[in-house]
Number of protein chains: 2
Amino acid sequence: MNIGEAATRSGVSAKMIRYYESIGLITPPARTAAQYRVYAAEDVHTLRFVRRSRDLGFSLEETRELLALWRDKSRASADVKNLAMAHVRELEEKAAELKAMADTLRHLATHCHGDHRPDCPILADFAATTPTQGKA
Amino acid sequence: MNIGEAATRSGVSAKMIRYYESIGLITPPARTAAQYRVYAAEDVHTLRFVRRSRDLGFSLEETRELLALWRDKSRASADVKNLAMAHVRELEEKAAELKAMADTLRHLATHCHGDHRPDCPILADFAATTPTQGKA
DNA sequence: ATGGGGCTTCCCATCATGGGAAGGTCAAGG
DNA sequence: CCTTGACCTTCCCATGATGGGAAGCCCCAT
């Protein structure tokens, strides 16, 4: 199948498929005489794997590791689990950070009249806050 | 004061200060004969404002709007509140997304032995999942 | 054989930030 | 007075993942 079909079936855009190939994430497929990329059903499988990994927030580098683990039939499931759990913690940390920002802002907004008057504790806070040493 | 001191006092790197100037987020400061940028105390104030805005997850474009509102003494606090609350919702959405990813992955990991054996439901899921129409 | 859709490569843009090079400047101390 | 080192200037490049689009070739159906 051509790249377009592989894209549709895997949920990965043709553009990205080419990119993944260029960075060595996936192996270059065979080519027709006219240089068209030719994909097998298994390649779609791999692409779906990548898609799923990305959807779960793994970076391409992490995805590369996961792919390697996936292909290595002899690896210990503990390796995979460790990688996954480390990622879970990262995700939860980022989620908590965003939530904290939202909470802070929501709190500030609570004290803002939100009417026609100009006074606004939100902007007042922005202007008054002293720089904290390095952010997250 | 020079850019270095303004950077230290505001918590915004010199590099970023120059960048903010280049995109018109902040107004170009005066220059010495040797082209050194010269900042006033008030400029540090502005930079802190930007820093705070960024720390709360506003994009530079949103920060630009907030700055405009800040400077416009006649705007209604409702305008600020609306912008802030819209942002709160965005932040909470993103936080929820990350949390959902974490939960999914944690769930998968629960079923992974995490020992020396190779079987791993995490990778199995990755490989089997059918592409969903568009992500987030 | 022609038209339209798909494929190829290549370059550019995004967003916010940092790194680093090459060169000018300033202040302090010998 | 001159050197040294810290600071400043501009300019270019890189990141991470993705999309947009141009120029040109290919393939199939009409």
Side-chain angles (χ1 to χ4, degrees), chain A residues 1-26 28-39 43 47 49-67 87 90-91 94 97-98 101 131 134-136, chain B residues 1-26 28-39 43 47 49-67 87 90-91 94 97-98 101 131 134-136:
Chain A
M1 86 194 76
N2 283 343
I3 198 171
E5 194 180 340
T8 308
R9 294 205 183 188
S10 64
V12 177
S13 76
K15 209 98 192 192
M16 279 303 103
I17 295 178
R18 294 195 196 97
Y19 176 63
Y20 293 161
E21 181 188 330
S22 83
I23 62 169
L25 185 69
I26 59 179
R31 300 273 192 140
T32 66
Q35 290 303 101
Y36 278 30
R37 289 172 178 78
V38 182
Y39 295 93
D43 296 322
L47 287 170
F49 183 102
V50 173
R51 171 72 199 272
R52 176 73 167 153
S53 171
R54 297 285 305 121
D55 280 355
L56 286 176
F58 288 94
S59 71
L60 286 183
E61 279 318 304
E62 288 166 328
T63 300
R64 192 191 294 275
E65 288 183 60
L66 288 171
L67 268 176
H87 186 59
E90 270 177 47
L91 288 172
K94 277 186 208 165
E97 250 177 62
L98 292 181
M101 290 184 204
K135 63 173 170 181
Chain B
M1 90 192 75
N2 282 341
I3 198 171
E5 194 180 338
T8 309
R9 295 204 183 186
S10 66
V12 177
S13 76
K15 209 97 192 192
M16 277 305 102
I17 295 178
R18 293 195 196 95
Y19 175 63
Y20 293 163
E21 181 188 330
S22 84
I23 63 169
L25 185 68
I26 59 179
R31 300 276 191 137
T32 67
Q35 291 302 101
Y36 279 29
R37 288 172 179 80
V38 182
Y39 295 93
D43 295 323
L47 287 170
F49 183 102
V50 173
R51 171 72 200 272
R52 176 73 168 151
S53 170
R54 297 286 302 123
D55 281 355
L56 286 176
F58 287 94
S59 72
L60 286 183
E61 279 317 305
E62 287 166 331
T63 300
R64 192 191 294 275
E65 289 183 59
L66 288 171
L67 268 176
H87 187 56
E90 270 177 47
L91 287 172
K94 277 186 207 166
E97 250 176 61
L98 292 181
M101 291 184 203
K135 61 173 172 183

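Everything numeric here is computed off the predicted structure, so don't read it as measured data. Each chain gets a letter, A, B and so on, in the order its sequence line appears, and its residues count up from 1.
Remark: P of dC28(D) and OH of Tyr36(A) are 9 Å apart, rounded to the nearest angstrom. As a whole-Å value, the separation of Leu47(B) CG from dT17(C) P is 12 Å. The CZ-P distance, from Arg51(B) to dA16(C), rounds to 15 Å in whole Å. Summarising the geometry, the separation between CE on Met1(A) and P on dC27(D) is reported as 18 Å, rounded to the nearest angstrom. When rounded to the nearest whole Å, the span between CD of Glu5(B) and C1' of dA6(D) equals 14 Å. The NZ-C1' distance, from Lys15(B) to dC8(D), rounds to 12 Å in whole Å. A straight line from CD1 of Ile17(B) to C1' of dT10(D) spans 16 Å, rounded to a whole angstrom. When rounded to the nearest whole Å, the span between CD1 of Ile3(B) and C1' of dC26(C) equals 16 Å.
The side chain of Arg18(A) contributes no N or O atom lying less than 4.0 Å from OP1 or OP2 of dG6(C). Close to dT18(D), at under 4.0 Å from its OP1 or OP2, lies a side-chain N or O of Tyr20(A).
Distance from the side chain of Leu60(A) is smallest for dA17(D) among the nucleotides dC26(C), dA17(D), dG21(D). Considering only side-chain atoms of Met16(B), the nucleotide from dT17(C), dC26(C), dT9(D) that sits closest is dT17(C). Considering only the side chain of Asn2(A), dC7(C) comes nearest among dC8(D), dG21(D), dC7(C).
Both Ala33(A) and Tyr19(A) lie close to DNA chain D; mapped to their nearest nucleotides by heavy-atom distance, the more 5′-ward contact belongs to Tyr19(A).
Proximity of a side-chain donor or acceptor of Ser53(B) to a complementary backbone N or O of Phe49(B) within less than 3.5 Å is not detected.
Residue Arg37(A) is in sugar-phosphate contact alone, with no base atom involved, counting any heavy-atom pair closer than 4.0 Å across all strands shown. Using a 4.0 Å heavy-atom cutoff across all strands shown, Ser13(B) reaches sugar-phosphate atoms only and no base atom.
The closest side-chain heavy-atom distance from Ile17(B) to Tyr39(B) is below 4.5 Å. Leu60(A) has its side chain within reach of Arg54(A): a pair of non-hydrogen atoms, C-beta onward, lies under 4.5 Å apart.
Distance CG/Asp55(B) to CE/Met101(A): 7.5 Å, rounded to 0.5 Å.
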Practice item. With side-chain contact (heavy atoms from CB on, under 4.5 Å) as the test, would you mind laying out the steps for Glu61(B) and Glu65(B) before giving the verdict? Key: CA-CA 7 Å; Glu61(B) 279 317 305; Glu65(B) 289 183 59; 5.6 Å; no

